[in-house]
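None of these values were measured; they are calculated from a predicted model. Chain letters run A, B, ... following the sequence lines, proteins first, then strands; residues in each count from 1.
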Number of protein chains: 2
Amino acid sequence: MIIDKIRKTIERYNLLDYKDSVVVGLSGGPDSVCLLHILNELKREYDLKIYAAHLNHKIRGIEAQKDAIYCAKLCDDMNIHCFIRAIDVPKYCKENGYSIEEGARILRYNMFFEIKQKVGANKIAVAHNLNDQIETILMRVIRGTGLDGLKGIQHKRDDVIIRPLLDIKRDEIEKYCSENNLNPRIDQSNLEDVYTRNKIRLRLIPYIEENFNPNLNESISRMVTLLKDDSDFLDKESEKVFNDICKKEDSQTIKINVNTFNGVHKAIKNRIIRKCINFVIGNIKGIEQKHIEDVLELIQNQKTDLKINLPKGLIVYKKDEEIIFTDKEIKHEQINYSYKVPKSGFIKIKELNMIVETKMLDKHEVELNKEDKYTKYFDFDKISGQLEIRNRKDGDKIKLLGLGGSKKLKDLFIDLKIPKDERGKIPILCDEKGIIWLVGYRMSEDYKIDKTTKKVLRVSIENV
Amino acid sequence: MIIDKIRKTIERYNLLDYKDSVVVGLSGGPDSVCLLHILNELKREYDLKIYAAHLNHKIRGIEAQKDAIYCAKLCDDMNIHCFIRAIDVPKYCKENGYSIEEGARILRYNMFFEIKQKVGANKIAVAHNLNDQIETILMRVIRGTGLDGLKGIQHKRDDVIIRPLLDIKRDEIEKYCSENNLNPRIDQSNLEDVYTRNKIRLRLIPYIEENFNPNLNESISRMVTLLKDDSDFLDKESEKVFNDICKKEDSQTIKINVNTFNGVHKAIKNRIIRKCINFVIGNIKGIEQKHIEDVLELIQNQKTDLKINLPKGLIVYKKDEEIIFTDKEIKHEQINYSYKVPKSGFIKIKELNMIVETKMLDKHEVELNKEDKYTKYFDFDKISGQLEIRNRKDGDKIKLLGLGGSKKLKDLFIDLKIPKDERGKIPILCDEKGIIWLVGYRMSEDYKIDKTTKKVLRVSIENV
């Protein structure tokens with residue numbers, strides 16, 4: 001008996017609780033009519049409150065009006081309150097850039113949730129059946145999917161949407177309708193993706209059943225059951241890791257440390273990236289595996305200051321040791337500082353947490369082997385006036401060996417492939433004439449020690 | 001270029017190491033001819049040693065001999081040593097109860113491994129291509145499979161068998177053969193499951209590509225890549241849990257504690273059972289999901305002394321708190337004991353760790369409300385001679401109320417659904433005439449207290 005099977009499904013997946021209040025999506029087709037009728041049969045057993053909700057999509061004209069009349073009459077016979085609404089779905093879709101299938105689904109579920117709210121219900125029952133499930137799985141295999149897609153349609157979502165008919169075959173449903181003289185309308189529930197789905201239903205599946213496996217339904221059901229367990233385990237494990245390693249900065253920004261992330265298994269990496277995206281934009285619709293791989297590539301990249309734009313305004317940054325998922329542009333903060341530097345002594349650049357040390361030496365005291373990226377010697381007598389250390393400014397130029405003239409600092413930064421974000425942090429040593437040293441990178445030709453040099457200025461910079 | 005793609009595959013999956021020595025399976029068809037030719041091209045780059053191995057299956061008569069001649073000539077041209085062997089595969093399969101496909105595969109791989117051993121090679125290269133992969137996946141989806149099956153054919157197995165062509169499409173291979181004038185023979189590699197596979201290749205896949213997804217290859221490849229990661233993660237996790245909770249008793253017996261097992265996620269449970277089966281019988285061929293579910297049901301069963309037989313001589317026992325996977329019958333150890341029981345006093349049944357206490361009472365001292373399963377009153381004067389407590393013996397009978405005669409204890413055990421394993425443990429109280437009490441279950445009619453009773457024997461049994 002179909003009702004026993006459905007009761008089993010309800011118990012197995014805990015679809016109904018005692019005293020639940022359920023809004024049933026009712027198209028008027030066999031699936032939803034059967035669902036409503038059976039829930040009505042189970043009404044006393046579970047002490048349910050039942051409401052029906054019918055949406056006229058304004059696609060089929062007079063036929064759609066007949067659907068609505070049929071639904072009203074059916075509910076009247078069962079003494080169930082039926083909410084009927086008509087929305088111009090094609091217009092809505094046009095205005096909002098949705099496909100008809102997508103728009104119809106959005107409007108339908110919006111209506112269900114509204115009615116649920118209005119009547120104080122706690123569940124929404126929809127009428128997907130086992131054939132829908134098999135078709136969905138095959139469609140996903142053919143189009144390519146991951147484990148999550150292979151789970152197929154779920155029996156329950158968020159403890160609100162329930163699908164009690166999901167283990168029942170279409171012909172059992174039709175048999176039930178005819179045995180109970182329900183005379184359902186031609187099913188409209190297949191509005192979604194009707195062309196592809198019909199070809200799968202009417203040609204591909206019969207071909208497979210005839211040529212390869214007459215028990216295709218059972219085989220795929222069994223596969224789905226196994227894969228659900230696997231997917232559930234992977235979800236739980238990745239949820240743990242996600243909570244462990246992802247730092248929520250604000251409601252739309254989340255960060256991961258690159259090294260921590262790299263220590264995680266590939267299967268979990270994929271899921272964590274999806275979870276981060278979901279955190280920022282609220283869902284992962286329109287996010288394809290290609291995008292996940294772009295993020296993985298970004299993370300694997302040797303460079304540290306990178307950015308990619310993904311659909312729906314999502315931006316993923318790699319900055320130093322962190323991956324940042326956000327919907328906001330991260331501006332480069334320009335740090336401004338300027339310190340007078342004594343000719344012999346210390347100053348601290350607070351903004352960078354660096355110490356600058358200077359010392360005057362005689363030429364014979366110079367130890368060139370102690371020179372490195374952050375310790376340099378200059379001809380003291382070539383320096384004019386006050387020494388200063390500061391961040392870069394527009395128009396900065398430096399005189400480099402062999403160029404016979406000055407180079408714009410901006411161009412030098414590009415040549416040296418220094419990320420924009422880091423340019424502002426590089427200290428620049430100057431005197432009243434110009435730039436002496438782009439610390440860590442290049443010295444000006446004008447201050448070099450030569451044969452005529454007598455006194456030497458040693459400058460060292462280090463982090464504290 | 002096909003060779004660049006193959007080099008990429010080789011590097012990605014680490015198929016070849018420098019100085020590898022490789023036995024190449026050579027049917028003479030396009031796939032294996034291309035594989036041999038390309039490995040020969042890579043010979044210098046990887047400093048390889050290459051051998052070819054051709055098996056004449058003795059299925060195709062004269063054509064097969066031509067295949068062998070072609071292979072010999074091809075290898076001669078490339079200066080590669082070619083091992084050619086002829087085995088009567090149909091005869092072997094008949095004798096060993098294999099299908100032709102299965103037997104041919106076994107003999108082929110046996111030959112490859114023998115040659116590998118003989119020449120001191122460390123790898124065996126076989127020529128599966130991307131189309132084989134897609135066909136395999138679709139076949140498995142249609143027939144029903146788990147995540148493990150959806151991974152498809154592997155690029156490398158046990159660091160020995162390698163499949164460098166697995167990312168290359170059949171038409172690329174054919175193009176390569178024709179560009180290099182290799183003139184391969186009609187491919188014999190599709191011997192396996194040729195009927196189903198050909199229908200998938202020649203009808204199902206073209207239909208899907210034309211009607212649903214022209215890029216089916218790419219979509220399924222991408223799915224397989226994702227699922228491999230997921231499957232790998234689940235394998236690793238379940239391997240950890242397996243090593244943690246499964247106790248190897250001997251080389252063919254492994255035990256798990258039921259409670260520990262029940263604390264594990266369903267996805268891991270499935271895999272642990274497979275691992276236990278693999279441990280006992282060395283592989284999991286012929287083990288279906290149905291069998292795994294039988295084991296799960298056995299574990300979930302409330303009863304504690306159960307047994308199921310699975311294929312290949314595998315036996316799974318549930319005994320007390322343990323699940324035992326083994327290939328040996330576990331004999332019920334018959335515990336033998338017999339103790340004389342005083343009419344007033346104690347004795348201990350050492351074998352069961354139980355104390356028997358007896359006491360003679362006057363009838364008015366009987367407190368029937370204190371009677372329970374393990375404390376009973378008997379008419380003292382109906383007892384003849386020495387009291388004894390012992391285990392069951394063949395031929396034991398007991399006189400039960402309303403039967404008008406005696407019942408065999410064996411039949412009573414069956415009626416009471418007492419597992420064989422527990423029957424020997426139940427103490428039996430007797431006198432010189434017969435059985436007085438089947439402790440915990442039934443008393444004999446012959447010793448009951450009635451109107452004429454004067455003296456009463458109270459017997460209590462408890463665990464210590």
Side-chain angles (χ1 to χ4, degrees), chain A residues 134 137-151 195-200 203-205 207-238 264-271 288-290 292-293, chain B residues 134 137-151 195-200 203-205 207-238 264-271 288-290 292-293:
Chain A
I134 307 302
I137 298 291
L138 279 180
M139 199 144 73
R140 290 186 183 169
V141 168
I142 286 169
R143 287 178 177 173
T145 184
L147 187 54
D148 217 50
L150 288 172
K151 284 188 309 185
Y195 185 63
T196 305
R197 201 175 266 274
N198 271 343
K199 268 202 294 188
I200 289 194
R203 293 187 55 194
L204 184 63
I205 293 180
Y207 178 75
I208 292 174
E209 285 179 333
E210 193 183 318
N211 286 280
F212 300 105
N213 183 1
N215 304 309
L216 183 69
N217 275 335
E218 289 72 15
S219 299
I220 293 197
S221 283
R222 213 162 38 236
M223 175 174 97
V224 166
T225 307
L226 281 173
L227 296 182
K228 263 182 192 162
D229 289 333
D230 292 348
S231 177
D232 180 68
F233 178 75
L234 277 153
D235 272 352
K236 285 193 173 135
E237 289 300 305
S238 50
V264 161
H265 190 278
K266 182 83 193 298
I268 302 294
K269 279 182 180 167
N270 281 321
R271 285 173 175 78
E288 294 164 19
Q289 186 52 26
K290 173 79 187 69
I292 308 296
E293 272 152 31
Chain B
I134 307 302
I137 297 290
L138 279 180
M139 198 143 72
R140 289 186 183 170
V141 168
I142 286 170
R143 289 178 175 172
T145 184
L147 187 54
D148 216 53
L150 288 171
K151 284 189 308 186
Y195 186 65
T196 304
R197 200 175 266 274
N198 272 344
K199 268 202 296 188
I200 289 192
R203 294 188 53 195
L204 184 63
I205 293 180
Y207 178 74
I208 292 175
E209 286 178 332
E210 194 184 315
N211 285 279
F212 301 102
N213 182 359
N215 304 310
L216 184 70
N217 276 336
E218 288 72 15
S219 299
I220 293 197
S221 284
R222 212 161 40 233
M223 175 176 97
V224 166
T225 307
L226 281 173
L227 296 182
K228 263 183 192 162
D229 288 333
D230 292 347
S231 177
D232 180 66
F233 178 74
L234 277 153
D235 272 352
K236 283 191 173 136
E237 290 300 305
S238 51
V264 161
H265 190 280
K266 183 82 194 299
I268 303 293
K269 278 183 179 165
N270 281 322
R271 286 172 172 77
E288 295 164 17
Q289 185 54 24
K290 173 79 187 68
I292 308 297
E293 273 151 29

Interface check, chain B: of A/Leu234, A/Ile268, A/Thr225, A/Asn270, most non-hydrogen pairs under 4.5 Å belong to A/Leu234

Mind checking what makes side-chain hydrogen bond (donor to acceptor under 3.5 Å, both in side chains) contact with B/Lys269, not counting sequence neighbours? none

Which one of A/Leu138, A/Val141, A/Val224, A/Ile220 has the most heavy-atom pairs closer than 4.5 Å to chain B? A/Val141

Do A/His265 and B/Asp229 have side-chain N/O donor and acceptor atoms under 3.5 Å apart? no

Can you check whether A/Phe233 reaches B/Lys266 side chain to side chain, under 4.5 Å on heavy atoms? no

Quick check: do A/Leu204 and B/Leu204 have side-chain heavy atoms less than 4.5 Å from each other? yes

Are A/Phe212 and B/Arg143 close enough that some pair of their side-chain heavy atoms sits under 4.5 Å apart? no

I'd like to know which of A/Glu218, A/Gln289, A/Arg222 tops the heavy-atom pair count under 4.5 Å against chain B. A/Gln289

Close side-chain approach of A/Leu226 to B/Leu147, heavy-atom, < 4.5 Å: no

Can you tell which of A/Leu227, A/Leu150, A/Asp230 makes a side-chain contact (heavy atoms from CB on, under 4.5 Å) with B/Leu227? A/Leu150

Sort B/Arg203 into side chain, backbone, both or neither according to what part of it lies under 4.5 angstrom from a heavy atom of chain A. both

Please identify, among A/Ile200, A/Ile137, A/Leu216, the residue contributing the most non-hydrogen atom pairs under 4.5 Å to chain B. A/Ile200

Okay, A/Ile208 and chain B: the region with an atom under 4.5 Å from a heavy atom over there is side chain

Measure A/Asn215 against the heavy atoms of chain B and call it side chain, backbone, both or neither at under 4.5 Å. neither

